[in-house]
Amino acid sequence: MLNGLSTIVRDRAAAQAALQPDLKASTKPKLEAHNLSFYYGATQALFDVTLSIPERSVTALIGPSGCGKSTFLRTLNRMNDIIEGTRVTGKVMLEGVDIYEPGIDVVALRKRVGMVFQKSTPFPKSVFENVAYGPRVAGHRGSKALAELVEACLRRAALWDEVKDRLGDSALELSGGQQQRLCIARALATNPDVLLMDEPASALDPASTAHVEDLIFELKQNYTIVIVTHNMQQAARVSDRTAFFNHGHLIEVDATPKIFTRPGQKQTEDYVTGRFG
Amino acid sequence: MSSAPQDFPTSPSLAVQPLGLGPRFSLSRAREQAIRLILLCCALASILTTVGIIYVLLSETIFAIPPNEAFFQLVSPWHFFTDTRWTPQFSDRHFGILPLLCGTFLVAGIAAVIGLPIGLAGSIYLSEYASRRTRNLVKPILEVLAGIPTVVFGYFALVFVTPYALRPVFTGIFGCDVQVFNAASAGIVVGIMIIPIVSSLSEDALRAVPQALREAAYALGSSKYHVSTRVVVPAALSGVLASFLLAISRAVGETMAVAIAAGQTPVLTLNPLRSVETMTAYIVNVSFGDKPHQSLDFKALFAVAMTLFVMTLVMNILSHLVMRRYRETYQ
Amino acid sequence: MSATAMGPGIGVPRTRASARPSFVGPLFAGACATSAWLGLGVLIVLLVGVLWQGAGWLSWSFLTNYDSRHPAEAGLLAGLWGSLWLVVLATLFAVPVGVGAGIFLEEYEKKGWLRTLIEINLSNLAGVPSIVYGILGMAVFVKMFGALQGRPKVLEIGLRSAHLDIPLPFGRTVLSGGLTLALLILPIVIVVTREALRAVPSSLRQASYALGATHWQTIRHQLLPAATPGIITGVILSVSRAIGETAPLLMVGAAVYLANSPGGIETPVDLVKHPGGVLEAPFDSFTALPVLIFNWISRPEKEYRHVAAAAILVLLGLLQVFNIAASVIRARFQRQARW
């Protein structure tokens with residue numbers, strides 16, 4: 001199992017080197033969690049997590065189901081605030097500013113830190129209106145500028161060619177893979193710095209999954225991406241760094257090749273080799 | 001496809017810049033709060049309605065702002081509730097509500113005798129016996145029945161029930177006198193009117209009974225009849241009772257059908273074949289004249305209305321309490 | 001499924017307790033089935049009866065005549081227009097307030113004493129007899145608590161090319177009737193809005209928040225549009241209810257005999273030809289379809305019974321149209337919203 005993953009990792013590193021010889025994954029941290037603990041009412045779901053997410057890279061969060069990786073992801077854009085009875089201790093720093101400080105404008109935060117959900121949730125509106133929604137609620141008006149923005153986002157999400165004649169059609173008529181890419185385009189429209197993706201391809205067929213993974217690969221040149229996935233091959237394919245969660249604890253985080261070939265912790269090795277989870 | 005972020009078309013407000021996560025500016029926050037306030041006022045409108053009803057009723061009957069006088073300051077509550085004559089228009093004025101109460105209960109009683117059993121039996125059929133297809137046919141029919149305006153039922157009572165149902169039976173066979181306006185015709189149609197209420201609410205209650213209970217009874221060798229009557233209905237009793245209470249409350253509050261068919265003679269009687277007057281019919285009949293606001297006749301209207309309101313309120317509250325008890329049992 | 005379980009073949013002797021007549025089961029089932037189908041029977045008898053009495057009196061002139069002392073010439077016109085104005089005013093007032101209240105209860109105040117108070121209040125209001133609403137309307141709108149007794153005023157509001165003359169107190173006008181009906185249907189609109197909002201999947205809400213939308217923006221751009229078909233269906237149903245209401249209108253002063261329509265508008269063309277009438281209509285005296293029916297039934301001449309029956313047919317027909325409209329809307333949007 002480890003051998004298979006190492007092959008994937010080696011191939012990918014070669015591909016990356018061939019493509020962008022001088023663009024290294026940056027090491028400057030974009031997002032940092034410091035001693036982050038999270039509670040659903042009385043139940044503690046995250047225990048003292050300290051994790052740093054470098055900018056313009058892909059960080060994968062892996063772990064068995066229920067380990068807290070999705071919960072952690074949602075603390076990064078304060079989506080957990082919507083759920084009643086949740087509590088956070090510790091800090092999450094976005095470029096040095098603690099986003100949990102009182103007085104922080106959560107609405108602005110979510111424009112900087114975008115999210116794509118597991119099940120694609122296009123709005124019951126047209127393709128165009130879906131992408132334009134973020135800028136519109138931000139106060140963006142000019143129709144020409146909006147049209148350009150929508151086109152740019154759809155191109156970035158590798159969806160433009162497929163929908164350019166159907167911008168007015170309902171988004172619900174797209175296929176599953178197209179809908180998910182639409183949601184990615186929609187998230188890009190607010191010009192975020194960070195993209196959080198919660199198992200973005202788990203509901204898709206292999207062809208669409210490959211599309212989405214290629215997309216992530218391209219997007220990381222401009223965005224910081226944090227992706228939760230239960231598919232280890234996927235993590236090995238797309239991410240630069242991988243963090244392994246178990247039972248709400250961050251067990252190990254390191255460069256992806258190292259996690260999948262020579263993990264430091266036994267738990268990590270057990271998970272990655274498929275002994276549990 | 002590797003343009004740097006700065007090539008991405010943006011408007012100045014979206015451009016990447018120093019964090020700008022500080023407290024959102026007062027304009028937008030203020031707007032959100034203003035909207036919340038407006039919506040709160042909308043929600044308070046319903047409370048205003050209740051407050052209005054209570055105020056209007058109380059201010060004419062119990063507390064009045066001078067020089068206005070309240071009804072119960074002019075007529076003693078004792079007389080109001082015990083006098084057996086209601087003759088506000090005669091020279092010898094009596095304001096005893098008992099005749100009106102009697103009329104109301106006579107009509108509601110007949111309605112209950114007709115509507116409650118039929119509604120319950122119908123709900124048992126829908127819940128225990130009927131196929132899904134049958135249910136999908138019967139339920140819309142009941143909804144149509146529920147949507148028919150009460151004037152239509154009043155018409156039906158006067159023009160059909162009395163001459164073609166009551167008279168042939170009671171005058172033809174039993175030789176009793178059936179007046180043109182009578183409590184029985186009104187009671188019958190009000191009973192028909194409340195069938196959908198009892199049916200749908202009781203059916204909900206019956207269907208909420210866990211299937212496991214029925215299966216246990218069947219496994220012990222019970223027939224469907226036994227299971228329905230000895231197991232399911234008793235298990236759903238509170239829900240069924242709640243529906244009964246609501247239906248009776250509706251029957252008590254029914255106005256037009258009784259105004260048309262039951263008559264305008266307030267009497268204390270148990271004879272359903274004669275003309276009576278219910279509280280609701282009295283209110284309607286009085287409002288036709290252009291009585292001055294200060295006259296005692298007019299104030300009597302409010303006293304009757306308040307009695308009616310309190311009665312239906314008590315029944316509705318009881319019904320909700322009973323319903324809550326049934327919900328707690330199963331959820 | 002209705003047979004008893006055990007018989008002699010199993011070797012267990014039948015005890016006395018289980019030896020009951022075997023016709024009770026089927027009899028009971030039959031009684032229940034009859035009860036359930038009784039509604040259909042009643043509807044058929046009702047319809048046949050009304051058709052028999054009134055079908056012969058239906059004609060185009062019946063719809064375009066006013067009430068008359070001669071039964072053969074009596075018509076519905078005043079009632080049709082009156083009901084139309086009443087319904088328009090009632091929805092104009094009840095829908096914004098009701099939808100707003102529904103949004104507030106579902107989106108803003110999720111728990112606390114205020115919410116509990118409002119909910120108890122709503123469930124009580126649903127059980128109040130409609131005539132009590134009529135009394136409320138009479139005291140508040142028609143008489144305004146007797147405040148301006150004997151000294152009625154007229155409030156003049158100038159608009160661009162016309163002006164509104166609002167009588168104070170409102171008196172026995174369409175406005176009073178419309179407001180009273182609005183209070184009557186308000187609880188229905190609130191309940192319907194809440195259910196429609198609840199049916200919107202939370203994933204839509206989350207996606208909107210994740211894009212940086214505020215609470216109100218999410219409501220306005222995502223939740224309300226998604227809930228609109230359900231709300232519209234509910235409004236149509238409450239209109240059906242309002243059209244059939246008689247008692248509150250009688251309390252509020254619906255006229256017993258009326259030979260004109262509110263604002264003098266008698267045909268749809270008049271709406272355009274005499275726009276001034278539109279501004280006068282809410283302050284005119286009025287009657288309504290069910291009120292006409294009530295009046296005609298109460299008249300001594302037997303011919304009026306037929307006129308009443310014809311009017312009932314028109315009323316039932318209108319209600320059926322609304323019913324169908326609501327079903328069509330509900331079906332069409334359920335197909336579209338494939339969450």
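Keep in mind that the numbers below use all heavy atoms, side chains included, and drop hydrogens, waters and symmetry copies. Residue numbers start from 1 in every chain, and the chains themselves are labelled A, B, ... in the order their sequence lines are given, proteins ahead of strands.
The heavy-atom pair separating A:Y133 from C:L211 by the smallest distance is CD2-CD1, 3.8 Å. In plain terms, the two heavy atoms of C:A210 and A:M115 that are nearest each other are CB-CB, 4.0 Å. When all heavy atoms of C:Q222 and A:P124 are compared, the closest pair comes out as OE1-CD, 4.3 Å. Counting all heavy atoms, side chain and backbone alike, C:L204 lies closest to A:P122 at CD1-O, 4.1 Å. For the pair A:V107 and C:G212, the tightest heavy-atom approach, listed with the atom from each and the gap, is CG1-O, 3.1 Å. Nearest heavy atoms, A:I82 versus C:Y209: CD1-CD1, 3.2 Å.
Each salt bridge (charged side-chain N to carboxylate O under 4.0 Å, His left out) pair with one or both residues in residues 199-211 of chain C, not counting sequence neighbours, appears once here: C:E107-C:R205.
Remark: A:K125 NZ to C:H221 NE2 distance equals 7.0 Å, nearest 0.5 Å.
Within 6.0 Å of atom CZ in A:R166, more than 12 heavy atoms from other residues, nucleotides or ligands are found, so the atom counts as buried in its surroundings.
The contact between C:S208 and chain A is made by backbone and side chain atoms together, counting heavy-atom distances below 4.5 Å. Heavy atoms closer than 4.5 Å to chain C are found in both the backbone and the side chain of A:R186. Using a 4.5 Å cut-off between heavy atoms, A:F123 touches chain C through backbone and side chain atoms alike.
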